[in-house]
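Whatever order the structure lists them in is the order used to number ligands and atoms, beginning at 1.
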Amino acid sequence: MAIDYSELIPNNVQLSDNVRLQRALEAWQPRYIEWWRELGPEGYQDIEVYLRTAISVESGGWAHYDYVKMPDYRWGIFLSPAVEDRRIGFGEHKGDAVWQDVPGEYRSTLRRLIVTQGDTEPASVEQQRLLGKTCPSLYDLRNLFQVNVEEGRHLWAMVYLLDAHFGRDGREEAEEMLDRHSGDPDKPRILGAFNEVTPDWLSFFMFTYFTDRDGKYQLASLAESAFDPLSRTCRFMLTEEAHHMFVGESGVGRIVQRACELMKEHKISDPADVRAHGGIDLETLQRYINFHYSVSADLFGAEQSTNAANYYTAGLKGRYQESKIGDDHVLGEEAYQVPSLEGGSLEVAALSALNERLRDDYTADCARGLARWNKVIAAHGIAFELRLPVSAFNRQIGTFAGAFFSPEGAPMAEAAWLGKRNQWLPDDDDHAYIASLMKPVTGVGQMANWIAPPARGINGQPIEYEYVRLA
Ligand code: BYC
């Protein structure tokens with residue numbers, strides 16, 4: 001079904017049939033636009049950007065590409081097609097028909113999950129708002145803005161659910177989405193990683209690789225939900241999310257590629273010497289990986305969580321690809337291994353370990369990208385391997401919060417750990433060096449020296465394409 005995207009709020013939820021809902025969303029829209037102008041990409045509000053807009057939810061041909069000024073982007077509401085006779089796949093209601101309305105007993109829990117999800121979306125736009133000023137190319141600038149407008153759309157997706165299904169409380173929550181701000185000491189965003197800064201493009205690529213990937217796993221778990229509108233919303237969001245992780249994986253990959261090229265070209269044996277030639281050395285990349293992986297690992301919550309067990313039993317949030325798992329989907333008797341503070345692992349009830357299980361799925365996925373980057377390094381004949389730290393490293397949430405472990409998993413005394421901190425995590429010198437590279441490159445087809453060009457352009461266009469019309 002094609003969607004009329006000349007409408008004020010393009011949608012496939014028959015918005016015009018529900019006057020109350022349509023009014024509520026139309027009343028929220030001006031505040032959203034005001035927020036976008038104030039805290040969205042700074043300095044690029046009236047510039048035309050080659051963006052994709054969702055115009056259908058069908059798997060083939062859902063996206064339309066054209067030049068758009070971002071405040072005019074059509075932020076719409078799209079649900080993936082309903083699955084006929086869809087049944088609840090897990091928990092105590094397993095086998096029942098999915099819900100089209102929120103059951104009273106789960107109202108506040110479900111609202112909290114939707115609010116937590118929704119809060120991350122505008123947070124990331126706020127975190128990235130200054131990056132446009134230092135883009136490494138027009139191609140990258142366009143990708144940044146694509147990610148930004150789609151995170152904005154994901155906020156719309158959650159606000160729709162709140163307005164459509166949670167009455168006055170939902171409307172209040174929708175307002176608060178625009179009142180909290182990333183890093184605001186009085187009204188911060190809900191989850192830790194979304195109050196960190198994204199000061200440079202290396203951080204942006206790491207964020208889209210590691211933190212957007214948390215988004216993929218959380219959305220996939222919510223896509224299993226018994227609350228069908230949430231499931232359908234998340235399924236469509238996942239379609240868009242894939243591009244965000246592509247931006248991260250290819251962005252870091254291109255930086256790795258450039259570091260290797262510089263090492264070959266200048267016959268460098270010590271990776272740190274890449275800096276003398278204006279590249280980002282592999283050891284700095286490793287420190288950024290350590291930081292972004294550990295901060296994103298926190299987003300999965302505690303290793304053992306009664307919240308997560310309750311979400312599962314109630315049918316609100318499942319596991320990653322729940323239907324492909326060969327167990328009873330109730331988890332009354334099952335066990336799962338979680339890492340323990342004393343070393344090794346501990347067998348606990350699988351129901352209590354759902355956050356850890358999702359983090360494990362996520363970690364395996366993160367490792368796949370590192371393997372691809374390591375292939376680039378190996379192909380240049382360079383003896384260096386990027387590694388993920390263990391999940392105990394640098395954690396603020398769960399079992400390992402306040403504990404000190406090396407990236408390889410050795411327990412340490414605090415003072416010894418602090419003594420090594422700058423070898424493992426980006427320090428002031430790294431930040432200053434990366435900041436010194438952040439000079440805008442805006443000529444058509446031009447690329448900053450610290451990053452290799454992409455393999456191809458967007459939507460079949462060449463790399464030498466005016467992805468953003470700056471003039
Ligand atoms: N920071 O029982 P636990 C995305 C709190 S990203 C601060 O383990 P639970 C995106 C927790 O709330 C995906 N607080 O928690 C990416 C709890 O508080 P209470 C976002 C934290 O509930 C890039 C307490 O600690 N979506 O889409 O099992 C760009 C005990 O913890 C944190 C979702 O997260 C933290 N990191 O799990 C744009 C999905 N972690 O109850 C977008 C919805 C835990 O003691 N959210 N706490 O007051 C959830 O499923 C769950 O809320 C969590 C936490 C998985 C986040």
### Query
Got a sec, which residues hit salt bridge (Lys or Arg N to Asp or Glu O under 4.0 Å) with E48, two or more places apart in sequence or on another chain?
R469
### Query
Of all heavy-atom pairs between Y293 and T363, which one has the smallest distance, and what is that distance?
OH-OG1, 2.8 Å
### Query
For ligand 1, what is the set of protein residues having any non-hydrogen atom at a distance below 4.0 Å?
R112, L113, T116, Q117, T120, E121, S124, E151, I190, L191, G192, F194, F207, T211, D212, D214, G215, Q218, D298, L299, F300, G301, A302, S305, N307, A308, Y311, K317, N355, I397
### Task
Kindly state each residue pair satisfying side chain to side chain donor-acceptor pair (under 3.5 Å) with at least one member in residues 394-405, sequence neighbours excluded.
S294-N394, D298-R395, E303-T399
### Query
Side-chain donor-acceptor pair under 3.5 Å between T313 and N310, yes or no?
no
#### Entry: Pi-cation contact, Y209 with R213 (under 6.0 Å, within 45°)
yes
### Summary
side-chain hydrogen bond (donor to acceptor under 3.5 Å, both in side chains) filter on H165, not counting sequence neighbours, yields none
